[in-house]
Every structure is written in structure tokens, then in C-alpha cells.
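Before any comments, here is the structure.
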Number of protein chains: 2
Amino acid sequence: MVTIKEVAHIAGVSIATVSRVLSNSDYPVSQQTRATILKVAGEVGYSPNRAARSLRTERSSLIGVILDNFSSQWAPVIVRGIQDVLLKKGYFTLVVNIPWEKHSRADVVKDLMGHSVDAFVFVETWYPVRERLDMINKKPYVIVHRLFHESDPHSIIPDETYNSSLVVKHLLDLGHEKVAYIAGDANYFSSSQRLGAYLDTMRAAGLGIRDGWIAQGEWCIPSGYQCAQRILSHVEMPSAIVAANDGLAYGALLAVLDAGLKVPDDIAIVGYDNNDISCISNPTITTVSLPLFLMGQIAAENLLCQLQTSDREYAEQLIPGELIVRQSCGAPEGVEVYARDFLRATAE
Amino acid sequence: MVTIKEVAHIAGVSIATVSRVLSNSDYPVSQQTRATILKVAGEVGYSPNRAARSLRTERSSLIGVILDNFSSQWAPVIVRGIQDVLLKKGYFTLVVNIPWEKHSRADVVKDLMGHSVDAFVFVETWYPVRERLDMINKKPYVIVHRLFHESDPHSIIPDETYNSSLVVKHLLDLGHEKVAYIAGDANYFSSSQRLGAYLDTMRAAGLGIRDGWIAQGEWCIPSGYQCAQRILSHVEMPSAIVAANDGLAYGALLAVLDAGLKVPDDIAIVGYDNNDISCISNPTITTVSLPLFLMGQIAAENLLCQLQTSDREYAEQLIPGELIVRQSCGAPEGVEVYARDFLRATAE
DNA sequence: CTTGACACAGTAAACGTTTTCTGATAGGGT
DNA sequence: ACCCTATCAGAAAACGTTTACTGTGTCAAG
């Protein structure tokens, strides 16, 4: 690689001057020399040696991104949002996948510190890495998360309460009064938040909830199937089911269909997450989409802000989602919609 | 951060000795001093400064991974395969998403060179970055790709021909003799490879193909829908349809169902890719899964090999896929299977 | 005419490693 | 007793930057 030395030699100036021009220092350099240096640097294809720069400045232009499940439907979108902002500012990201079980979690933080990353982003991984808090606290960081909740001012979180109420209200607007609920895994904070939003919305509308209408599920399709069966077996059947995520909703959909009922005519179903599953299933499932790309962008902006101004007051940010109306609660749509939805989901 | 200097001081030796011990050099160091150095290093939590090391050795322990669409269903799995191998060897990956349209492609390679990455992996992005070949050629690199084909000895490619024949043969084994085909976008090399495998397999079995049985599609659901409609309108209807990917297969499935026919009873359908869509649809779709995680692992192993032995002969590697039998061609399965498949697809 | 300020450029030190070179000690063969 | 070799340890240079410091020359204010 061509070094600053060669550029300086060709341009007939000292390396200090070249450095000042090429690192956008605000040190005064005459327009004349500045121009020739830029010209020479461009011609010889100079690119600064990041290792040397990093060694000297103790900044690396590297951001560590630690996430739990890389091949989930959410993580990559968040990461792209993060990169969308950071790449433009000259930052690269070191994306590391920490499987939940692995004991190597703590080491990852240490290793990333070794690479002197300038900051951290934790996507759903705050809980397991807290044991390295002493290290992490030395750098700016942001937490992007959904399922767990530990109050931390650096957090960017979907507004679970608002989002869940969106989808319940939608059912009420359509005239439903007997609405059942399938909850997510009780260990997750978001489960209780979503359930709470359902309860509050029903109460605010003055609607009652029968005993067997709330089923405790576990985030997955079979669980949704079983929960729906339990709900359907209750003496007074609901006219609609709210599921805590799209997997549960899809399971419920299968159960309702298997019971010989029609969706949405006999029972309406809504989900949460805007998972692929909700726009591929037949009928497609009304759900709530989370602005994951945006959340990534916000996380990155937040980080840049921290990197520039060292001292600042932080506060949790709650990000609202968007209601996606599909067939499972009564909207009339054709096959083109499947496709459009699916393509949008995979393309952007 | 604590430096090598402090470790040396505490251990009462020179920094040279510390370096030799901690960087696993094979320079002779007495067991005595080696032990004390390791002890001290552990106690003070020493972690080498990568920038300094990188500056000196011109190696960074960083691998640049450039891919096209980060939030596709394939890319993250490949990346995880890559990281699975590389992380264990102490390498981090700089994963960068280059959208197809962006003109900034070339700069990414340059910037990664600036970070002195030790090697490159191109996932589906070989075509656009070739203009930086002069730079890339200085480092080891591997190409992981599917859709395009430029012969290059550093390639790791799914064995499209073998994989496609798997699924066609499966239909023939089930007794089908009238098999139609929906092809992918004609611009893609893999389209013609898959089509070729279909033609060859049919010919080898001595089976004829009617004129209207081969439809030219475009990789997406609506296209599959239209192609299937065209095929169904032909005077002699096939008993099975092979689609070049799962999107097309799903579109075809919808068209067949809309035509009042049953799947698989009246018409069997098979896809390709083992996309989520194929295990969520109703009925689920028989398809071919590509060993993406494995391909990532192989790519990384290949890279490590190149990094160790500078000179070596390379050859394209063709990776076989696996037939995934589901409902759309006659296998009897229940609702549990949807769930099991889906969970497996998202979990691992 | 002096003084101070300012605009600009260069010198050299420093960042934390790795590695070459030099040196010291010990042991073994003659 | 001598030399040679092997084993170990340290001194110091080098990697490519950034930046504090020093040194010019110019120009305006006194």
C-alpha cells in the first residue's frame, strides 16, 4: 500500500501537512498545497492505514454489534439500519453473533475491546453481556431490544403497549366485542406488556373478558394451535383472537380452520411482528410491523451523537409500530397482495 | 488499557519476551518465565492492542465479507457459517452490505483494504466488485454464489444441476410422467442450469415434454401464478410441475388451487431453495435445501487454508443440496410438521 | 521601527506491537 | 582448556499515523 510518506514526497511537502489535509484537520493549510496534496493522493490511490491511525488516535472507526440470532427475521434488518447510517460516516461494524447458550459471550466483549471498537450496539443481547459492564461502560453504547427489559437509558425499544393496542383497537373498530388473547412466553417482559395492552384496551372499551379467553402460549406455532383449541372449547366462543406474535397467530389460524370454522367470517385473527408467515399464510394475517430498519438507524444516530459529545443526558426511546391490515380480520384482498407483501418483505 | 510494557515490568522481563510468549511465537522461552508472564498477563487482564499488532505485522485478523442483500433468507445463514469457523480462529468479520444499485461498491473494497483486512469473502457480489480486481488479487479471497456464474477457481457454488435433478427424479420415482417446468429469470445462469437438469433428467428417463409445458418465469410469486395458469391452459395437462424456486412454486400452487384442482392429488408441485414459504404454505411444498451454513463454513476453511499456505491450486467447489419431501407431491404429514419445519428453519 | 499576532510548514516524538540483532550463559565435544 | 552450539533474554528499530512543538515569514497596530 502507498503511504503518507510517498504522497508527501511526490507533493513536495512534509508528512505532517499531508496528514492535516487528509484527515480533515482544521489546522490551517493554504489552498494551494491543500489542492496539490488532494490531487496527488487521488492519483496514487492513497488510503490511510487504519491500524496506524488507530494506534495513534485510540479510535478505530469500528463499531461492535453484538446480536443473538443473526438469521432471525429481525436482526439483519436492524443491522442494515445501523450500517446505513454508520457507513456514510466512515464507520465499519464488527457484527458478532452470540448464541444464547454459549459461554463465550463475555470473551466477545473483551475481544472487541482488543480491536478497540469505538462503541457497542447490543441487539437483544444486553442481558447476557452485563457481566462485562465495567468494560462496556468505558465506551458509548446503545441497546436495541424487544423481548427483555432492563431499564437502561441507552435503550431503543418498540412501544409494545402502543403497538399491541393498535391491533386490539382495530378489532374493536370492526365491531368485535368478544375478543380472546393468546399470550407469549411468560418469562419475557414483552409478553406481559402486550397482554397488559390488550387488557387495558378491553377495559377502556367497557368490554368483558371470559375466563377461558386468555391462554398462556410459548411464542411458537404448535403452542398457538393448542391455545386456540383451548379457547374454542370454551362454552362462549369469542369472535376474534389476538395473538402475541405471528407464529402463535398462524398456529391459531390452523386450529380454527381445522375446527371447521372460517377466518375471518367466523373468527378474526390478528398477530404481531409482521413476520413473513403473516403475509404468506392463507388467509394472510393482520399484524403490526415494527420499524426495525428505522430502529437501527436511530441506534446509529444515537451512537454518533454520543461519540461527538461525550457528556449527555440519555433516555429510553419508545418506537411506535404500524398496523398492517390483511385478510384475517375482514379486509378484502387478492393474490397480488400476497406477492406484493412478500416481495416487499424480502426486498427491503 | 494495559499494555505489554506493564506486563513486562511486573513480570520483571523485557517486552520482547512478553511478546514472544503472548503471541505464541516458537522462539525459545524458558518454562519458568513463560509461566510467570502468562500468570501476570491473566491477572492484569492484558489484551493485545490489535492496531499496534496490525501495524507491525500487516495482518489485522479482520476478514471483509461483502454481500448483496443482507436481509435475504440466505445471506445471514452463510455469514453465520463463515463466522462459525473464523471466530474460533480469532478472526472477526467486517460484514458490508452492497445494494445492487449503489455506485459505492468499488469504494467498499478500497475502504476494507484501508482496514487491511486479511482476506475477502464475496457472497453473491463478485460481479459488481470485479473492477477492483487488482486490489482484491493481493489478498486471499473466496466467492460464494448461486445466481451468477463467472468461472473462477475461488468459487463455492451449489451444484445446481445435481440439486435440480434430485427434485425431478423424486417426481419420476413417484410415477409422474407428464412433468411441466417453470423457469427462473433468463438472465441468471442458475436458471439455465436448473432448466437443463430438468431437460436432461426427463430425456434420460425417456419422457417427452409437450410444447406448452415449459414456462419462462421471473423468480417471484405472481410470475409463478401466471406461468402455472398458462401451463394449465394447455390441451394436455401435466400431472406435476417443477418450479425453479419456492416463490414460483408457491405462485403455481395458488394458481392450481384457484383452478379448482387439488395438490398433490391432481397436480404435484415441487420447488427449490427451502425458503420459509415452502414450509408454511398449505400444503407444504417439497423442495431442495441448500447447505448454506456449510457453504459458509467451507468458504471460511478455504480462506484459512489460503492464509496459511500462500501458494496453492484452487478449484471450483460444487456443493450438493438435499431433497426435502413435503406434502405438495404426496407425502402424508400433519400440522406438527409445519411447526417442526418452521422452527428448524428459523432456529438453526 | 518594534512588537505581537497570525498563517503556514516542518521536525520529531509517540502510540504498542513484533522481530532482528546482539549478547550472555551453559553444556558438550575435542 | 578451548571452541562451538544451543538456549535464552534484552535492546532497539520499525510499522504509518497524528500532533505538540518549533520556526519561519507577513502584516497590522503601537
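Order of the sequence lines fixes the chain letters, A, B, ..., with proteins taken first and strands second; residue numbering starts at 1 for each chain. The structure displayed is predicted, hence computed values, not measured ones.
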Carefully, step by step, assess B:Gln83 and B:Thr93 under the rule side-chain hydrogen bond (donor to acceptor under 3.5 Å, both in side chains).
-> CA-CA 7 Å; B:Gln83 292 192 341; B:Thr93 48; 2.8 Å; yes
Could you label the plane-to-plane angle of the A:His154 and A:Tyr141 rings as parallel, tilted or perpendicular, counting under 30° as parallel and over 60° as perpendicular?
-> parallel
Checking all strands, does B:Ser23 fall into the base, sugar-phosphate, or nothing category for heavy-atom contacts under 4.0 angstrom?
-> sugar-phosphate
Under a 4.0 Å heavy-atom cutoff, the residues of residues 8-17 of chain A touching DNA chain D are A:Ile15, A:Ala16
Whole-Å gap separating P (C:dG16) and CZ (A:Arg53) | 18 Å
Would you call B:Leu62 and B:Asp118 a side-chain contact if the rule is heavy atoms closer than 4.5 Å?
-> no
What parts of residues 26-40 of chain B reach DNA chain D, counting only heavy atoms under 4.0 Å away?
-> B:Tyr27, B:Pro28, B:Val29, B:Ser30, B:Thr33
Mind calculating the distance between NZ (A:Lys5) and P (D:dC15) to the nearest angstrom?
-> 6 Å
Does some side-chain heavy atom of B:Arg80 sit less than 4.5 Å from a side-chain heavy atom of B:Phe293?
-> yes
Nearest nucleotide by nearest heavy atom, which residue falls closer to the 5' end of DNA chain C, B:Asn49 or B:Ser25?
-> B:Asn49
Nucleotide D:dG16, atom P - distance to CE of B:Met113 in whole Å = 14 Å
Geometric class of the B:Phe92/A:His115 ring pair [parallel <30°, tilted 30-60°, perpendicular >60°] = perpendicular
Can you tell me the distance, in whole Å, between the CG atom of B:Leu55 and the P atom of C:dT19?
-> 12 Å
Return the set of residues passing side-chain hydrogen bond (donor to acceptor under 3.5 Å, both in side chains) with A:Gln297 (not counting sequence neighbours), or none when no residue passes.
-> A:Asp84
Could you check A:Ser61 against A:Arg50 for side-chain hydrogen bond (donor to acceptor under 3.5 Å, both in side chains), going step by step and ending with a plain yes or no?
-> CA-CA 8 Å; A:Ser61 302; A:Arg50 311 304 281 248; 3.1 Å; yes
If you look at every strand shown and take non-hydrogen atoms under 4.0 Å, does A:Arg50 touch a base, only sugar-phosphate, or nothing?
-> nothing
Do the side chain of B:Arg20 and the base of D:dG10 come within less than 3.5 angstrom through a donor-acceptor pair of N or O atoms?
-> yes
Sub-4.5 Å side-chain heavy-atom contact between A:Val79 and A:Leu67 = yes
Please give, in whole Å, the distance from C:dT11 C1' to A:Ile4 CD1?
-> 14 Å
Give a yes/no answer on whether the side chain of B:Arg56 brings an N or O atom under 4.0 Å of OP1 or OP2 in D:dA14.
-> no
Value in whole Å for how far the P atom of D:dG16 lies from CG of A:Leu22 = 16 Å
Scan A:Ser19 against the nucleic acid and name what it touches under 4.0 Å (heavy atoms): base, sugar-phosphate only, or nothing.
-> base
Enter the distance from B:Ser19:OG to B:Arg53:CZ here, rounded to the nearest 0.5 Å.
-> 7.5 Å
